[in-house]
There are 2 protein chains.
Amino acid sequence: MTSKREDLVKAAKKLLWERGYEATSPRDIQDASGAGQGSFYHHFDGKLDLAATALEEVSAEMQEVATALLASDVPGLERVARFLGQKRNGRKGCRLGRFAGEASILEPKLRVPIKRYFECLANLLAAAIADAQRAGALHAAAEPRQIAEMLIAVLQGGFVLSRIHGDKEAINRATATTMALLRATGARA
Amino acid sequence: MTSKREDLVKAAKKLLWERGYEATSPRDIQDASGAGQGSFYHHFDGKLDLAATALEEVSAEMQEVATALLASDVPGLERVARFLGQKRNGRKGCRLGRFAGEASILEPKLRVPIKRYFECLANLLAAAIADAQRAGALHAAAEPRQIAEMLIAVLQGGFVLSRIHGDKEAINRATATTMALLRATGARA
DNA sequence: GTCTATAACGTGATAGAC
DNA sequence: GTCTATCACGTTATAGAC
């Protein structure tokens, strides 16, 4: 048996992904969850509070997925390839990155969980890249941390391009090209 | 002497950049431009029409800038470096890419001018990259068009990261790292 | 804990005077 | 071409019954 609170958070996660923060109203969330106004304002201070709760959960889920893909004992370069190579539907956008364009990203309660995921991801990627460089599988032309941030930028920009062109594969082409380039730098010291 | 119509478009361009489409109201634009409701609805069908007009202008301006930077007779790799190396304030976001996250990107009147800029930019970059590969300055590990789209993704993702981290330099680090990697692939056939 | 009723405000648009 | 007055509707939130 799910509580109305859970229903509200679940609906918020779905609608925030589909529409973003500003375009999602408390009414929309109530309708989608089957909960009334009373439940909404009993469990949460308001729209911002519920959205923050939802984004905290999304951030935690995505950190878990990234950790599963990137923190194994597979060689570093293959961990990166495995993460980058996940097939994504670019038209849906990133569940957290999509808020970057909204004015509400300035709101700390929304920005903090989002930021936390991206820092976690950068750490995981940087570690894998450092492994690859130590193993001689990746050219050391740049710092692991800098390469990690570049890879995250390719992913986020891939979502942007997919949405602008209405082409869900644009992001997958961008990551594939990046991986090819990374491998083409070769193993030179 | 500027007409109220010009004032409205100018204000719309500014506010759309700062706040996006959904968070900008006709009232905001009227206040910022010094025009009344009457002028607004005399010159434009409504908010969507004015926003489309504003984005058409922004798209044209950005195509002009990109062409100036990328369509010279400088060697291909240096044209790419010159474009990518432009110092950007990442916190402000891309004047066109920022709309990718909004639900309103599905509206053709908004999406078309945005899409047009990104296609123009991809063509310019691909041509420069093809030049570089022909000149032996860039490894031919990937198609020019694919590399071009990857570079645009780095830029757009750089804006996303800058806004999420509140760090205007994040985008400039991402482009610098990308350029370093591109150069590190070397001139091998 | 959940509901319905209501309120104060803002949004996007129209009407009609000047 | 520009203005002010007005409107119908939606948003976010509160009040109070059950």
Side-chain angles (χ1 to χ4, degrees), chain A residues 1-57 98-99 101-111, chain B residues 1-57 98-99 101-111:
Chain A
M1 187 51 193
T2 63
S3 70
K4 292 293 180 186
R5 192 195 140 96
E6 286 175 77
D7 296 343
L8 282 162
V9 174
K10 189 175 173 185
K13 285 158 79 173
K14 177 174 182 290
L15 291 177
L16 287 172
W17 189 8
E18 288 173 8
R19 311 182 191 175
Y21 179 77
E22 332 225 16
T24 301
S25 76
R27 260 297 279 281
D28 294 334
I29 301 172
Q30 288 154 33
D31 292 349
S33 69
Q37 296 260 66
S39 299
F40 187 101
Y41 289 100
H42 172 75
H43 291 295
F44 304 96
D45 286 348
K47 175 182 170 176
L48 179 61
D49 186 39
L50 171 51
T53 302
L55 291 189
E56 289 283 358
E57 285 195 14
R98 70 157 301 150
F99 298 96
E102 303 205 40
S104 49
I105 191 69
L106 298 174
E107 193 63 47
K109 289 187 76 174
L110 299 182
R111 197 179 71 251
Chain B
M1 188 51 193
T2 64
S3 70
K4 291 293 180 185
R5 193 196 139 95
E6 285 175 78
D7 295 344
L8 282 162
V9 174
K10 188 174 174 184
K13 284 158 78 173
K14 177 175 181 290
L15 291 176
L16 286 172
W17 189 6
E18 287 172 9
R19 312 182 190 173
Y21 180 77
E22 332 225 14
T24 302
S25 78
R27 260 298 279 281
D28 294 334
I29 301 173
Q30 289 153 32
D31 292 350
S33 68
Q37 297 261 65
S39 299
F40 188 102
Y41 288 100
H42 172 75
H43 291 295
F44 303 97
D45 285 349
K47 175 182 169 175
L48 179 61
D49 186 38
L50 171 51
T53 302
L55 291 189
E56 289 283 357
E57 286 195 13
R98 70 157 300 151
F99 298 96
E102 302 204 41
S104 50
I105 190 69
L106 298 174
E107 193 63 47
K109 289 186 77 173
L110 299 182
R111 196 180 70 252

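Residue numbers begin at 1 in each chain, while the letters A, B, ... track the order of the sequences.
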Handout entry: Verdict with supporting geometry, A/Arg19 and A/Asp28, side chain to side chain contact (heavy atoms under 4.5 Å, CB included)
Key = CA-CA 11 Å; A/Arg19 311 182 191 175; A/Asp28 294 334; 3.1 Å; yes
Rounded to whole Å, CG of B/Asp31 lies from C1' of D/dT4 at a distance of 14 Å
pair A/Pro26-A/Tyr41: side-chain heavy atoms closer than 4.5 Å: yes
To the nearest angstrom, the CZ-C1' distance between A/Phe44 and C/dG1 comes to 13 Å
Heavy-atom contacts, protein to nucleotides 3-18 of chain C, under 4.0 Å, summarised as B (base), S (sugar-phosphate only) or - (none) per nt, yield BBB-----SSBB----
Between its two end axes (five pairs each) the helix from C/dG1-D/dC18 to C/dC18-D/dG1 turns, nearest 10 degrees, through 0°
Interatomic distance, CG@A/Asp49 vs NE2@A/His43, rounded to 0.5 Å, equals 12.0 Å
dist B/Ser25:OG -> B/Leu15:CG (nearest 0.5 Å) comes out at 8.5 Å
Between NE2 of A/His42 and C1' of D/dA13 the distance, given in whole Å, is 16 Å
Is a donor on one side and an acceptor on the other found under 3.5 Å between the side chain of B/Arg98 and the backbone of B/Trp17?
yes
Q.
Closer than 3.5 angstrom, by distance alone: can the side chain of A/Lys4 be matched with the main-chain N or O of A/Gly34 as a donor-acceptor pair?
A. yes
Residues in residues 8-19 of chain B with a heavy atom under 4.0 Å of DNA chain D, by number, are none
Heavy-atom check, side chain of A/Lys10 versus side chain of A/Lys13, under 4.5 Å:
no
### cation_pi(A/Lys47, A/Tyr21) dist<6.0 Å, angle<=45
yes
Is any side-chain heavy atom of A/Phe99 closer than 4.5 Å to a side-chain heavy atom of A/Leu110? no
Query - Side-chain (A/Glu102) to main-chain (A/Glu22) donor-acceptor, under 3.5 angstrom - result: yes
